Number of protein chains: 2
Amino acid sequence: MKQIKKILLTEQEMPTTWYNIAADMPNKPLPPLHPGTKQPLKPEDLYPLFAEELAKQEFSTERYIEIPDEVQDLYKIWRSTPLVRAYALEKALDTPAKIYFKNEGTSPAGSHKPNTAIAQAYYNYKQGIKRITTETGGGQWGTALSFACQHFGLDLKVFMVKVSYNQKPYRKLMMNTWGSDVIPSPSELTAAGRKILSEFPDSPGSLGIAISEAVELAAQDPLTNYSLGSVLNHVLLHQTIIGEEALLQMEKAGDEPDIVIGCFGGGSNFAGISFPFIRRNLKEGKHTRVIAVEPQSCPKLTRGKFQYDFGDTVGLTPLLPMYTLGHDFQPASIHAGGLRYHGAGVLVSQLLKDQLMEAVAIPQLETFEAGILFAKTEGIIPAPESTHAIAQAIREAKIAKEEGKAKTILFNLSGHGMIDLFAYEQYLGGNLQNFELSDQEIAQSLNKLEKLM
Amino acid sequence: MKQIKKILLTEQEMPTTWYNIAADMPNKPLPPLHPGTKQPLKPEDLYPLFAEELAKQEFSTERYIEIPDEVQDLYKIWRSTPLVRAYALEKALDTPAKIYFKNEGTSPAGSHKPNTAIAQAYYNYKQGIKRITTETGGGQWGTALSFACQHFGLDLKVFMVKVSYNQKPYRKLMMNTWGSDVIPSPSELTAAGRKILSEFPDSPGSLGIAISEAVELAAQDPLTNYSLGSVLNHVLLHQTIIGEEALLQMEKAGDEPDIVIGCFGGGSNFAGISFPFIRRNLKEGKHTRVIAVEPQSCPKLTRGKFQYDFGDTVGLTPLLPMYTLGHDFQPASIHAGGLRYHGAGVLVSQLLKDQLMEAVAIPQLETFEAGILFAKTEGIIPAPESTHAIAQAIREAKIAKEEGKAKTILFNLSGHGMIDLFAYEQYLGGNLQNFELSDQEIAQSLNKLEKLM
């Protein structure tokens, strides 16, 4: 019997709109607040940092937003991404569950990040912006934006979290190959960086710190904008191309997922795979379970607090209503650099509060074990971030086996791990560990939030 | 206007046979000879080193050979590979030519090599072989075979050319992740390695030396076989899946290539993309130009000699009738490690001798310049090997512009360069050079061949 393994879409079948979940949420997300006045922000307030079109998308309540032709054309370099049935993984787990994954690792940068990088670079270019600043954790975002910026002739400066800068030299080289300037963060280039370095000279950095640095530089020049790879509504919006494709592909496969899983940093790949399925739950009476998977060492969804907090460490960004561990929370130096962020995107936070999705936290060693099993069975070495989604898919497949139920599981493989091989070397050499936070540590970090509002 | 960028095949449309060009060649390839007796070999003579099925394929004159179901199923992990129209590259070159490429970089190992690795591992596994030895240059082959061997539960020992071992630590890590043992060659593990080290303690290694080492170990144990990633007829056979797909995809695109281009090490990716097009030239009266591109520093096709020579450096393999620079030719340490081989496959050598294909040599700097332009336009960082094919495609596109002709060019992107980023760093830093051999150097190397037959 010849089994169908990959389901593809032709270019004619590809979705031409992004999905804005704000249109369908029973409780609309709370507005971002000005960090000084604590008054709700309007799109105009974001113009100093973001392209106007992106600022408008941030506040939009339109259900569907047209993908510009130029962006659709660039998407075609790698999209649609394959929806793959993981027969070999199923066999290894001896599970009655059907496991599908959406492979976002096939993009030029190796992850889902170009979905929004291209859109953001395009809108900035169209508006006449010349320079972009950004931050990157695992390097996936910086790579994606480097590719996008060089395509539109924009200069790019990337603040790369220092621990990743040191762990992932190839990521830096990829960004350089696409013409960007990469700076380990915290750096001496900004007041924010100097402040951290004076207090913690050996700081491994964090996404929050790197954001502070990138925002600070962008705010100083009208032709320089800032670009964020996750968290914000417009970023999540652009990623919904993943789930929109997956919906069509699952239909082609003649199947329907009972469970949809994404790893969770700020929310972008998770939102991308899941929001179109949440739409079906809200509008079509479906009951697909939707699960965000965060690292045990950075558990904002499962152990954080829902409240207004800064998006960065130093406190330059607007206040956002989100699940957070506190903006100066310093996560352990795990290899899933892209998941080391203190807060969750506003849309996802509201959905979690309203119990329209679930969240779990998984220890580092379990995720690498899952990554190795996936590499051995499905032939793809996954990014350390993506191993979190795989680990949860495996947990669900084992539950399905215990229950004797042929559930259908879909997870997003947010990226491949070819640039993260030192992480696997360390895991295989027995040099990695789990990082479980005590209740006291969490409480201490959250206590500081009390003073904020 | 929405342009179609990628042409895909559904799994139902995928070819189910490999193409054996020996069936259609006007002059059949000369037989391999026993290195001692100089008598023609028969399939049985290869059984000590190769699976019987592979040995039979080596001598087969069947036109089409069925791809086993198990191999077809594994191919589906990434095949069919996309046929992509390089609109952005065309635009950058301002050429009337249409440029297509077949993207073999989408495989788990990042190159075309798994096409034969999976087939070879499968036939060995079926025959009850337990262990495989092999060599690898750039690391693409070793990675591919690591993936294939772990799938079928075979132990694998990879002799990796020392210069690549040092330049490409991630390649080694990828092989380790898939469970193989990787040894820098020349090594102290074998008599062949020890001989080279005693004469040239600082030898950077070569494919020829690494082959000697792998063959020596395999010959000592009946349950250990040897596996080669290029050169041999059965290897080229398995790669024809590339060209068979490309034929169908070009048809879907409503287009036909005037020129087909592949980079050239031992001949496997070149044969893969081109043999089905040569069949059309031979059988259907088509006139597609077929061009192999080798590095200026290792010019066996353009400056070598057609004669019997060893496949390895030390002289353990059968004598093969091929274009060669001499089996102890030591190529410069260019970054396109996979193209640093002294000889050309038997089938390709005969086709070149019979003027059924062309060959060109391109200097290293031109290839990296082409690679950077490709990364900037098409968004994919190519392997240093593949940049040779890109460079020739660019040359042809420029000629088309001069002639004002809308030619159609198809090249094989044999692999991506994400694991080769140090090469780009060195190029961008101005630290690479060309290596042009003098006539005297070539003559010296070829002179030693006189004594051989």
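Here the structure is a predicted model, which is why all the values come from computation and not from measurement.
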- prompt: Using non-hydrogen atoms only, which part of L8(B) is less than 4.5 Å away from chain A: side chain, backbone, both, or neither?
  reply: side chain
message: Between S146(B) and chain A, with a heavy-atom cut-off of 4.5 Å, which part of the residue counts as in contact: side chain, backbone, both or neither?
response: neither
- line: Cut-off 4.5 Å, heavy atoms of chain A, and the answer for Y427(B) is neither
- line: Note: vs chain B, highest number of non-hydrogen pairs under 4.5 angstrom among Y170(A), Y424(A), F147(A) is Y170(A)
message: Is any side-chain heavy atom of I242(A) closer than 4.5 Å to one of N412(A)?
response: yes
field: Donor-acceptor pair between S164(A) and R171(A) side chains, under 3.5 angstrom
entry: no
query: If you measure from the Lys or Arg side-chain nitrogens to the Asp or Glu carboxylate oxygens, is any gap between K5(B) and E11(A) under 4.0 Å?
result: no
statement: Most heavy-atom pairs under 4.5 Å with chain B, out of I380(A), T177(A), I372(A), belong to T177(A)
- prompt: Looking at K130(A) and D155(A), does any basic side-chain N land under 4.0 Å from a carboxylate oxygen?
  reply: no
field: Check: S414(A) main-chain N/O paired with S386(A) side-chain donor or acceptor under 3.5 Å
entry: yes
task: State whether a side-chain donor-acceptor pair under 3.5 Å links W178(A) with T143(A).
output: no
- prompt: Distance only, no hydrogens: is a donor on one side chain within 3.5 Å (strictly under) of an acceptor on the other, for T17(A) and E66(A)?
  reply: no
message: Between T106(B) and chain A, with a heavy-atom cut-off of 4.5 Å, which part of the residue counts as in contact: side chain, backbone, both or neither?
response: neither
- prompt: How about S80(B) and Q249(B): do any of their side-chain heavy atoms sit closer than 4.5 Å?
  reply: yes
- prompt: Does any non-hydrogen side-chain atom of M418(A) lie less than 4.5 Å from one of H416(B)?
  reply: yes
- prompt: By number, which residues in residues 113-122 of chain A have some heavy atom less than 4.5 Å away from chain B?
  reply: none
query: Around Y100(A), counting heavy atoms of other residues, nucleotides and ligands shown, do more than 12 lie under 6.0 Å from its OH?
result: yes
- request: Ignoring hydrogens and angles, tell me if any N or O in the side chain of T367(A) forms a donor-acceptor pair with the backbone of T387(A) under 3.5 Å.
  value: no
message: Quick check on the interface: out of R79(A), R85(A), H151(A), who has the most heavy-atom pairs with chain B under 4.5 Å?
response: R79(A)
query: chain A: which of G417(B), A375(B), A148(B) shares the most heavy-atom pairs with it under 4.5 Å?
result: A375(B)
- request: Find the one option among I381(A), N176(A), N103(A) whose heavy-atom pairs under 4.5 Å with chain B are most numerous.
  value: I381(A)
message: Using 30° and 60° as the class boundaries, would you call the ring planes of F374(B) and F411(B) parallel, tilted or perpendicular?
response: perpendicular
query: Who wins among K376(B), E378(B), Q12(B) for the most heavy-atom pairs under 4.5 Å with chain A?
result: K376(B)
task: Using non-hydrogen atoms and a 4.5 Å limit, figure out which bit of I77(B) sits close to chain A: side chain, backbone, both or neither.
output: both
message: Less than 4.5 Å to any heavy atom of chain B: does that hold for the side chain of F422(A), its backbone, both, or neither?
response: both
